[in-house]
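Convention: sequence-line order gives letters A, B, ...; per-chain numbering from 1.
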Amino acid sequence: MIEQIKLDLKKMLEQAFLNEFHTSVNVVIEAPKRIDQGDLSIPVFTIAKAISRPLPETANHIKKTIESSMISTLFSELIIMGGFFNLRLNSTAMAQKVIVNYMSNQNNYGDSTIGEGKVVCIDYSSPNIAKPFSIGHLRSTIIGHALGNLLEKCGYKVVRINHLGDFGTQFGKIIYAYQHFGDEEKIKKDPINELVKLYVEFHELAKTNPSMDDEARRIFKELEQGNEEYTALWNWFRKVSLEDYMQVYQLLKVTFDSYNGEAFYNDKMQPVIDELKAKNLLKEDDGAMIVDLGENMPPALIQKTDGSTLYITRDLAALFYRKNTYHFDKCLYVVGNEQKLHFEQIKAVLKKMGYDYDEAIEHINFGLVLQDGKKMSTRKGKVVKLVDVLNEAIKLSQAYIDEKSPLLEGKDLIAEKIGVSAIIFNDLKNYRANDFEFNLEDMVRFEGQTGPYLQYTSVRITSILNSEDFVFDGKIDYSILSRETEFEIVKAISQYQMTVEKAALESSPSILAKYLLNLASLFNSYYGKEKINVENQLEKNTKKHLLAMVRTILNDGMTLLGMQIIEKM
RNA sequence: GACUUGGUAGCUCAGCUGGAUAGAGCAACGGCCUUCUAAGCCGUCGGUCAGGAGUUCGAAUCUCCUCCGAGUCGCCA
C-alpha cells in the first residue's frame with residue numbers, strides 16, 4: 001500500500017516537472033533511516049540539477065505541487081530537511097485503508113496476481129541415488145520448496161520436479177564395486193551407508209588401478225543400453241535410496257509433482273543428439289562429440305568417446321520434455337553455485353539450436369556448503385547426513401521444552417516442528433548465493449534471529465487472542481493505530497504483499513525471512529511496553545486487531561518458507 | 001593462468017539501480033518475570049565497510065588496480 005502511494009507520488013511529481021520545466025526527471029522516493037525523518041523521503045539534489053534551480057526553490061516547488069494535488073490528503077506533514085524532502089503519512093487514513101484491505105482479504109492476505117496464467121517448473125532437491133541426503137541437497141530442497149510456495153502465492157502454476165540423480169557413470173562404479181567386493185546382506189541392513197562405502201572404496205582402489213574407471217564406464221554404457229543384470233541392481237539401489245529420502249521429505253513436509261530423474265530421460269536423448277546433428281552443431285573432438293560455444297565458453301560435451309551420454313545431454317532432453325509437457329514460462333533450477341557454467345552452456349546450446357526461450361531458464365544458484373572453508377565431497381566420504389542434523393535439532397528443542405514448559409501437551413510433535421523449522425529458517429534467512437559454512441551450533445540456535453523466535457512470537461499472540469473471544473469486526477479506535485509505535489506496525493503490515501512479490505520475483509526467500517524477523521521484532525518491542533488486555537474495551541479491541549494481523553502474516557509467511565506453525569510452546 | 005563469486009563490529013550476516021549519523025542477531029557487560037508465554041524486552045560496549053586510486057554535491061554501494069578466500073575451466077553430476 002505504501003508502494004502504491006510512492007508510485008502515485010512519483011508519477012504525479014514527474015508529470016508536474018514535465019509540464020512546467022519540460023524536463024523529464026527521475027523522482028526517487030525512499031524510506032528514511034530514522035523515524036524522526038518521516039515516512040517517505042525524496043532526495044532533491046538530482047531534481048534541482050535537472051531543472052537548473054537552487055535546492056530550496058526546488059524543494060518548495062515540490063511542496064506546492066503536492067499541496068495542490070489530489071493526493072495531498074495522504075500526507076500529514078511535508079518537511080524540508082536540507083537536501084531532502086520528507087513526508088509524513090496521514091496515519092489515520094493509512095491505518096483505515098490497511099484495515100479495510102485486510103478485512104476484505106482475510107483468508108488470503110498478501111495474495112498476488114502477478115503470476116496469473118503462467119507456469120513455472122522448479123527443479124529442486126534432486127538427490128543422487130546411492131548417496132546420503134546431504135546438507136547440500138537440504139539447501140536445494142528448502143530453497144526450492146519455499147520458492148514454489150512463494151510463486152504459488154503470486155498466482156503462478158508451479159510444477160515441482162525432483163530430478164533424481166539416478167543415472168550416470170557413478171552407477172558403473174557402484175555396480176563394479178558391488179560385484180567385486182559388495183555384500184547383499186549388509187546393503188539390506190543399512191543401504192545408503194553401505195553403498196557409499198562401496199563408492200568410496202572404489203575411488204581408493206581406482207587411484208592405483210586406473211583400469212577400474214574404464215571398466216566402470218563400460219558397465220554404465222551397458223546399463224544405458226538395457227543390460228538386464230545391471231538394470232536389476234540399479235533398480236534395487238534406487239528403491240532403497242528413495243525409501244531413505246522419503247523420511248526426510250516427510251519430516252520437512254516437502255512434496256513433488258514429479259520424481260522423473262535422469263534415468264527417465266535415457267530414451268529421450270537420441271532425438272536431442274539427432275537434432276544437434278541435423279542442425280550441424282555437433283562436431284567430433286578427440287573422439288567425443290561436442291557443441292562449440294565460441295571463445296568465451298568451453299564447449300559442451302554431449303557424448304563421450306565410448307558413445308555414452310553426459311549430464312548436459314540428459315538435462316537438455318529433460319528441458320525439452322518439460323517444455324513440451326508443461327509449457328513452462330519459466331524453468332528454475334535450484335542447484336549449487338559450482339554448476340554455473342553448466343547452465344550457461346545449456347542456455348548457449350539452446351540458443352544455437354534456434355530456440356527462443358533460453359531467457360526462461362534460470363539457475364537459482366546457492367552457496368556451497370563448506371566445511372573448514374572447503375567444499376564437502378562425497379568422494380572423500382566427508383558427508384554430513386541431513387537426518388542426523390534434523391534429529392539433532394529436534395533433540396535440542398525437546399530439551400528446551402523440558403526446561404521451559406515441562407507441562408506442555410504434545411511435546412514431541414511440537415519439538416519436531418520447532419527443530420525442523422529452525423533448520424529451515426536458518427538456511428533461508430541469508431541470501432542464498434552466499435557460501436554456507438556447515439555449523440551445527442548455528443543451525444540449531446534458538447535465540448535471536450531464528451525460526452523459534454518467529455514461532456514464539458506467533459504463539460504469544462495466539463495466547464493473548466485466545467484468552468477471551470475475539471472477532472475481527474473492525475471496531476477500532478484509529479487514534480491508537482496512528483500513534484508512532486502502532487503505526488510502525490501498521491506500515492509493516494501494509495508491506496507484506498510487496499515483500500512476497502519481491503521475494504518471488506527475485507527468487508530470494510531471504511527477503512521474506514528478513515521481513516518476518518522485523519515484523520516479529522516490532523511486535524515483541526510493542527508487547528514489552530504496551531499492555532494488550534486493558535480495561536478499555538475499544539482500546540483492547542483495537543490492539544487485538546493489530547495483533548491478529550501480525551499473527552496472520554507471521555503464520556502465512558512462515559508457511560511460505562516451509563516452516564510449521566504451532567499454537568503453544 | 002582465465003572466468004565467476006565473495007571480503008562490512010570478536011563471530012554470523014543485512015544494507016549494494018549512489019543519499020542523511022553504516023544496521024540486526026550472537027558473544028561480553030548491566031537492567032526487566034506477585035501483571036497478557038523471559039525461546040522475550042530495554043540499555044552499554046563494539047567499525048579505516050580488505051587496501052589504494054578515480055567518477056560525484058554525495059561512495060559500503062559505480063569504475064580501475066592490488067591483496068586475500070572460494071568455485072569452475074572435455075569425457076563426474
- Message: I'd like to know whether the aromatic ring centres of A:F264 and A:Y321 sit less than 6.0 Å apart in this structure.
- Response: yes
- Please measure how far the C1' atom in B:C26 lies from the corresponding atom in B:C57, and state the result in whole Å. 39 Å
- Task: Measure the distance from CG on A:D315 to P on B:A77 and round it to the nearest whole Å.
- Result: 10 Å
- Expected list for residues 34-41 of chain A near RNA chain B, using heavy atoms below 4.0 Å, is A:R34, A:Q37, A:S41
- Task: Using a 4.0 Å cut-off on protein heavy atoms (strictly under), produce a 5'-to-3' string for nucleotides 31-40 of chain B with B for base contact, S for backbone-only sugar-phosphate contact, and - for none.
- Result: ----SBBSBS
- Quick one: stems involving RNA chain B, counted as three or more successive Watson-Crick or G-U pairs, both distances short of 3.5 Å. B:1-7 with B:67-73, B:10-13 with B:23-26, B:28-32 with B:40-44, B:50-54 with B:62-66
- Task: Find which nucleotide of RNA chain B each of A:R445 and A:I511 is nearest to by heavy atoms, and output the residue with the more 5' nucleotide.
- Result: A:I511
- Message: When the P atoms of B:U63 and B:G18 are compared, how many Å lie between them, rounded to an integer?
- Response: 11 Å
- Query: Does B:C33 sit syn or anti, given that only angles within 90° of 0 count as syn?
  - Reply: syn
- Hey, does the side chain of A:K304 come within less than 4.0 Å of B:G74's phosphate (OP1/OP2), counting only N and O? no
- Message: At 4.0 Å (heavy atoms only), tell me whether A:N466 reaches a base, stays on the sugar-phosphate, or touches nothing.
- Response: nothing
- Query: How close or far is atom P of B:C13 from atom CG of A:N518, stated in whole angstroms?
  - Reply: 20 Å
- Phosphate OP1/OP2 of B:A77 contacted by A:T169 side-chain N/O (<4.0 Å): yes
- Item | Between P of B:G74 and CG of A:D292, the distance in whole Å | 14 Å
- Query: Would a distance-only check, ignoring hydrogens and angles, find a side-chain to backbone donor-acceptor pair under 3.5 Å from A:K277 to A:V272?
  - Reply: no
- Message: Work out how far the P atom of B:C41 is from that of B:U4, and round it to whole angstrom.
- Response: 43 Å
- Under 6.0 Å between ring centres, would you say that holds for A:H342 and A:Y333? no
- Message: What is the separation between atom CG on A:D442 and atom P on B:A27, rounded to the nearest whole Å?
- Response: 11 Å
- Message: By nearest atom, which of the nucleotides B:C13, B:G19, B:A70 is closest to the A:T46 side chain?
- Response: B:G19
- Message: Using the C1' atom as the point on both nucleotides, what is the distance between B:C73 and B:A27, in whole Å?
- Response: 41 Å
List, with names and distances, any nitrogen or oxygen atoms from the protein found under 3.5 Å away from nitrogen or oxygen atoms belonging to nucleotides 3-10 of chain B.
none

- Message: Could you tell me how far B:C64 sits from B:G69 if I compare only their P atoms? Round to whole Å.
- Response: 22 Å
- Message: Between B:C62 and B:C49, how many Å separate the two C1' atoms, rounded to a whole number?
- Response: 15 Å
- Rounded to whole angstroms, how far apart are OH on A:Y124 and C1' on B:A77? 20 Å
- Message: Just the rounded figure in Å: distance from P of B:C41 to CG of A:L517.
- Response: 11 Å
- Message: Using atom P in both nucleotides, what's the gap between B:A2 and B:U66 to the nearest angstrom?
- Response: 9 Å
- So do the side chains of A:P127 and A:H137 get within less than 4.5 Å of each other, counting heavy atoms only? yes
- Quote, to the nearest angstrom, the C1' distance that separates B:G52 from B:G46. 26 Å
- How long is the line joining CZ of A:F264 and P of B:A77, in whole Å? 19 Å
- Item | Any donor-acceptor pair under 3.5 Å from A:D285 side chain to A:A288 backbone | no
- Could you tell me whether A:G168 contacts a base, only the sugar-phosphate backbone, or nothing, with contacts defined as non-hydrogen atoms closer than 4.0 Å? sugar-phosphate
- Looking at B:G74, B:A20, B:C76, which one has an atom nearest to any side-chain atom of A:L301? B:G74
- Message: Just to be sure I understand the rule, does A:L310 reach a base, reach only the sugar-phosphate, or reach nothing, if contact means heavy atoms closer than 4.0 Å?
- Response: sugar-phosphate
- Query: Between the side chains of A:H545 and A:T542, is a donor N or O closer than 3.5 angstrom to an acceptor N or O?
  - Reply: no
- Item | Counterpart residues, side-chain contact (heavy atoms from CB on, under 4.5 Å), relative to A:K544 (two or more places apart) | A:I464, A:L465, A:S467, A:E468, A:F470, A:I532, A:N533, A:K540
- Task: Please step through salt bridge (Lys or Arg N to Asp or Glu O under 4.0 Å) for the pair A:E215 and A:R218, ending with a clear verdict.
- Result: CA-CA 5 Å; A:E215 187 61 8; A:R218 196 216 77 210; 2.5 Å; yes
- Examine distances only and state if a side-chain atom of A:S140 and a backbone atom of A:Y124 form a donor-acceptor pair shorter than 3.5 Å. no
- Message: Closer than 3.5 angstrom, by distance alone: can the side chain of A:T457 be matched with the main-chain N or O of A:Y453 as a donor-acceptor pair?
- Response: yes
- Task: Provide, to the nearest angstrom, the distance between the NE2 atom belonging to A:H203 and the P atom belonging to B:C76.
- Result: 10 Å
- Message: Strictly by salt bridge (Lys or Arg N to Asp or Glu O under 4.0 Å), give each pair with a member in residues 298-316 of chain A just once, sequence neighbours left out.
- Response: A:E262-A:R314
- Query: Using a cut-off of 4.0 Å on non-hydrogen atoms, how would the nucleic acid contact of A:D285 be classed: base, sugar-phosphate, or nothing?
  - Reply: base
- Item | A:K502, NZ atom: more than 12 neighbouring heavy atoms under 6.0 Å | no
- Task: Evaluate whether atom CG of A:N296 has more than 12 neighbouring non-hydrogen atoms of other residues, nucleotides or ligands under 6.0 angstrom away.
- Result: no
- Message: Please check this pair: side chain of A:K417 against backbone of A:L413, looking for a donor-acceptor N/O pair closer than 3.5 Å.
- Response: no
- Query: Would you call the rings of A:F220 and A:F167 parallel, tilted or perpendicular, where under 30° means parallel and over 60° means perpendicular?
  - Reply: perpendicular
- Message: Applying a 4.0 Å non-hydrogen cut-off, can you work out what A:Q455 is touching in the nucleic acid: base, sugar-phosphate, or nothing?
- Response: nothing
- Give the C-alpha distance, both sets of side-chain angles, the deciding distance and a yes or no for side-chain hydrogen bond (donor to acceptor under 3.5 Å, both in side chains) between A:E530 and A:T485. CA-CA 10 Å; A:E530 280 287 329; A:T485 36; 5.2 Å; no
- Note on the structure: Contacts of A:F45 and A:P299 projected onto RNA chain B by closest heavy atom; the upstream (5') one is A:F45
